[in-house]
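First the structure, in the form of structure tokens, and then the observations on it.
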Amino acid sequence: MSVRTRFAPSPTGFLHIGGARTALFCQLHTRRLGGTFILRIEDTDRERSTQEAVDAIIQGLHWLGLDPDEGPYFQSDNTALYLAAAERLLAEGKAYRCYCSRESIDALRESQREQQIKPRYDGRCRTRTDFPAEQPFVIRFQTPSSGVAAWEDHIQGSIRFPNEELDDLILVRSDGSPTYNLAVVVDDHNMGINLVIRGEDHISNTPRQIHLFQALGWPVPEYAHMPLLHGSDGSKLSKRHGAVSVLQYREDGFLPDALNNYLLRLGWSHGEQELFTRQEMQELFNIREVGRSAAIFNLDKLLWINGHHIRTATAEQLLPDYRYQLDKRGIRGQDTAYLLQVITEFQSRAKTMVEMVDKSLFLFVDTLGPYEEKALKKHLLSALPQSLMALHQALAGLETWQAQEIDHCFRQVVADLQMEMGQLAQPVRVALTGTASSPGIHETLYLLGRSKSLQRLQDAIDFLQNKPK
RNA sequence: GUCCCCAUCGUCUAGUGGCCUAGGACACCGGCCUCUCACGCCGGCAACACGGGUUCGACUCCCGUUGGGGACGCCA
């Protein structure tokens with residue numbers, strides 16, 4: 001039987017990095033086995049679910065290349081199915097109506113906490129035989145009071161819960177709506193899910209769900225509970241650790257496969273290999289090889305991996321992202337061939353596409369802002385205007401603005417002035433870019449173009465001649 | 001508090017009883033390359049939480065301690 005897994009987020013917020021990792025592992029695992037990866041939106045909490053969140057999740061998955069093979073399915077479409085299952089359990093005596101008020105249960109839990117025992121419902125309505133017509137009730141599952149619920153987790157190994165640790169969970173709320181555990185079990189069964197891959201925070205739900213499968217007479221799926229992703233303080237990832245939407249990573253100039261590569265290495269490894277292509281991920285990943293301990297999100301390593309993916313991508317592959325980032329700075333309508341040349345020149349110099357734009361921005365602005373303070377002092381102020389003038393004159397005399405020609409011309413000027421390359425290149429670099437770093441000086445001149453290059457050299461010459469003594 | 005899970009360099013990890021004076025990667029620190037910045041290359045710093053067992057021999061197996069995390073909702 002081929003494997004069927006599902007990613008089942010609740011649409012109460014955007015898709016963050018932890019959810020993306022779960023989705024990635026689900027998809028990768030099924031890809032290798034030729035199985036099916038299903039997206040199911042768990043919106044049984046109608047109060048907190050929003051359409052915006054649904055959209056953000058689907059968009060986030062799409063950006064990462066994690067589009068489902070099936071779905072999205074919405075639990076809100078299956079309410080009747082869940083309620084039917086609950087009715088059946090009720091009819092079979094495996095569930096019961098509970099008339100306890102929230103207040104009385106809160107009081108119960110509080111007193112249990114005081115006694116330092118695990119807060120849980122005590123089952124006081126189990127044996128109740130009266131059904132007061134006007135009183136609201138919930139439907140509770142009658143959990144076996146002895147025995148154990150156990151399973152062989154694909155990641156965590158053997159896990160067992162004594163049933164006396166569990167209480168009677170609510171299947172249907174007093175407003176008649178189904179709850180999470182019921183919906184999950186009914187859907188997992190109906191959708192033919194045979195492997196559940198989800199976060200470790202669901203471990204304690206698993207014994208309850210196993211009981212429900214058994215009570216309904218359905219086969220129990222296999223489970224793989226992934227260790228959680230932690231923030232820098234070692235606790236579960238949350239807003240305060242910058243658990244932002246994965247789409248924010250696109251805004252910040254990350255490549256989807258770089259993020260996938262990084263996420264993949266959190267908890268899974270393949271010998272000493274750090275870098276993976278999409279293809280390799282799909283061929284090599286196995287959920288059974290995932291480690292059991294939680295990992296801490298580390299931006300530095302993500303940046304390094306992103307830099308690697310930028311370096312190894314073709315300029316054509318990077319073009320849409322580069323254009324996207326340029327667009328956000330108001331730079332549009334640039335020639336494609338030109339942009340490809342720029343990208344090629346900056347690929348090894350940027351860890352993100354945002355950084356690439358930052359570093360190449362001088363090419364697109366009409367006039368430079370003030371020279372960077374350090375660069376100005378270190379390289380430009382000490383330069384002789386005469387050397388810049390000599391270069392200006394030589395470059396102005398070029399027939400065409402070709403990379404090789406510029407190279408020859410620049411070297412000739414350096415030789416004529418009896419200077420070292422760096423003595424001329426650095427001041428020129430500051431003149432052209434406003435900073436002390438850029439691609440090679442010939443490439444920089446070439447990319448900047450004749451008119452802007454000559455203009456900026458002239459500006460620097462004027463600047464030096466007018467500087468206060 | 002109760003239950004469940006986890007524990008190798010700062011971080012991500014390799015390691016499945018002898019190959020380990022513990023390997024790789026990021027970060028950091030040197031050096032090389034060099035017109036700058038990157039890239040690349042070379043080198044360095046840095047870890048088996050602790051205590052008991054088991055064994056001829058434990059990072060590897062067992063128990064305990066400590067530490068960390070998760071769960072304990074008419075949320076998912």
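Residue numbering restarts at 1 for every chain, and letters A, B, ... go by the order of the sequence lines. The figures that follow rest on heavy atoms only: side chains count, while hydrogens, waters and symmetry mates do not.
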Taking the six-membered ring of F74(A) as reference, does the NZ or CZ atom of R40(A) fall below 6.0 Å from its centre and within a 45° cone about the axis?
no
Could you tell me whether R97(A) sits above the aromatic face of F137(A), with NZ or CZ closer than 6.0 angstrom to the six-membered ring centre and within 45 degrees of the axis?
yes
Across nucleotides 20-31 of chain B, 5' to 3', mark each nucleotide with B, S or - according to how protein heavy atoms within less than 4.0 Å reach it.
---BBBSS----
Give one of base, sugar-phosphate or nothing for [X], where a contact means two heavy atoms less than 4.0 Å apart.
{"X": "S204(A)", "result": "sugar-phosphate"}
{"X": "F161(A)", "result": "sugar-phosphate"}
{"X": "C100(A)", "result": "base"}
{"X": "S293(A)", "result": "sugar-phosphate"}
{"X": "P439(A)", "result": "base"}
{"X": "T12(A)", "result": "nothing"}
{"X": "A436(A)", "result": "base"}
{"X": "G267(A)", "result": "sugar-phosphate"}
{"X": "I441(A)", "result": "base"}

Quick one: on RNA chain B, does S10(A) or D167(A) contact a more 5' nucleotide (nearest heavy atom)?
D167(A)
Hey, which of these two, D43(A) or R292(A), hits RNA chain B nearer its 5' end, going by closest nucleotide?
R292(A)
So salt bridge (Lys or Arg N to Asp or Glu O under 4.0 Å) across residues 253-277 of chain A, not counting sequence neighbours, yields D257(A)-R278(A), R265(A)-E274(A), E274(A)-K301(A)
What interatomic distance, in whole Å, is found between [atom1] of [M] and the corresponding atom of [N]?
{"N": "C9(B)", "M": "G23(B)", "atom1": "C1'", "result": "12 Å"}
{"N": "G40(B)", "M": "C26(B)", "atom1": "P", "result": "8 Å"}
{"N": "A58(B)", "M": "U2(B)", "atom1": "C1'", "result": "34 Å"}
{"N": "U16(B)", "M": "C59(B)", "atom1": "P", "result": "14 Å"}
{"N": "U60(B)", "M": "U8(B)", "atom1": "P", "result": "12 Å"}
{"N": "C41(B)", "M": "U34(B)", "atom1": "C1'", "result": "13 Å"}
{"N": "A14(B)", "M": "A25(B)", "atom1": "P", "result": "15 Å"}
{"N": "U65(B)", "M": "A71(B)", "atom1": "P", "result": "24 Å"}

Check this for me, if you would: do [X] and [Y] make a salt bridge, where the nitrogen-to-carboxylate-oxygen distance has to be below 4.0 angstrom?
{"X": "R411(A)", "Y": "D407(A)", "result": "yes"}
{"X": "D167(A)", "Y": "R208(A)", "result": "yes"}
{"X": "R48(A)", "Y": "D45(A)", "result": "yes"}

Are more than 12 heavy atoms, taken from residues, nucleotides or ligands other than E164(A), located less than 6.0 Å from that residue's CD atom?
yes
Please give the nucleotide sitting opposite [N] as a Watson-Crick or G-U wobble pair, both distances under 3.5 Å, or none.
{"N": "U11(B)", "value": "A25(B)"}
{"N": "C19(B)", "value": "none"}
{"N": "A38(B)", "value": "none"}
{"N": "A49(B)", "value": "U65(B)"}
{"N": "G1(B)", "value": "C72(B)"}

Show your working on side-chain hydrogen bond (donor to acceptor under 3.5 Å, both in side chains) between Q209(A) and N181(A) and close with a plain yes or no.
CA-CA 6 Å; Q209(A) 293 174 12; N181(A) 281 294; 2.9 Å; yes
How close or far is atom [atom2] of [N] from atom [atom1] of [X], stated in whole angstroms?
{"X": "E110(A)", "N": "C72(B)", "atom1": "CD", "atom2": "P", "answer": "18 Å"}
{"X": "F362(A)", "N": "U36(B)", "atom1": "CZ", "atom2": "P", "answer": "16 Å"}
{"X": "E165(A)", "N": "U2(B)", "atom1": "CD", "atom2": "C1'", "answer": "7 Å"}
{"X": "D168(A)", "N": "C72(B)", "atom1": "CG", "atom2": "P", "answer": "17 Å"}
{"X": "H225(A)", "N": "G69(B)", "atom1": "NE2", "atom2": "P", "answer": "20 Å"}
{"X": "I170(A)", "N": "A76(B)", "atom1": "CD1", "atom2": "P", "answer": "11 Å"}
{"X": "D407(A)", "N": "U34(B)", "atom1": "CG", "atom2": "P", "answer": "15 Å"}
{"X": "R109(A)", "N": "G1(B)", "atom1": "CZ", "atom2": "C1'", "answer": "16 Å"}

Among [options], find the nucleotide with the atom closest to the side chain of [X].
{"X": "S269(A)", "options": "U13(B), C3(B), U36(B)", "result": "U13(B)"}
{"X": "Q156(A)", "options": "C39(B), C4(B), C6(B)", "result": "C6(B)"}
{"X": "Y180(A)", "options": "C37(B), A76(B), C74(B)", "result": "A76(B)"}
{"X": "Q116(A)", "options": "U13(B), G1(B), G70(B)", "result": "G1(B)"}
{"X": "I203(A)", "options": "C72(B), G70(B), C4(B)", "result": "C4(B)"}
{"X": "I296(A)", "options": "U2(B), G70(B), U11(B)", "result": "U11(B)"}

Give a yes or no on whether a donor-acceptor pair under 3.5 Å exists between the nucleobase atoms of [N], that is its base, and the side chain of [X].
{"X": "R349(A)", "N": "C37(B)", "result": "yes"}
{"X": "T179(A)", "N": "C74(B)", "result": "no"}
{"X": "R429(A)", "N": "C35(B)", "result": "yes"}

Hey, what do you get for CZ (R21(A)) to OH (Y262(A)), rounding to the nearest 0.5 Å?
9.5 Å
Listed pairs under 3.5 Å, donor-acceptor, residues 7-14 of chain A side chains, sequence neighbours left out:
unit_1: S10(A); atom_1: OG; unit_2: T12(A); atom_2: OG1; d: 3.4

Using the rule given for side-chain hydrogen bond (donor to acceptor under 3.5 Å, both in side chains), can you reason through Q426(A) versus R429(A), listing the C-alpha separation, both sets of side-chain angles and the distance that settles it, and then say yes or no?
CA-CA 5 Å; Q426(A) 278 308 83; R429(A) 176 166 280 116; 2.5 Å; yes
Check whether any side-chain N or O of S348(A) sits under 4.0 Å from OP1 or OP2 of G40(B), and answer yes or no.
no
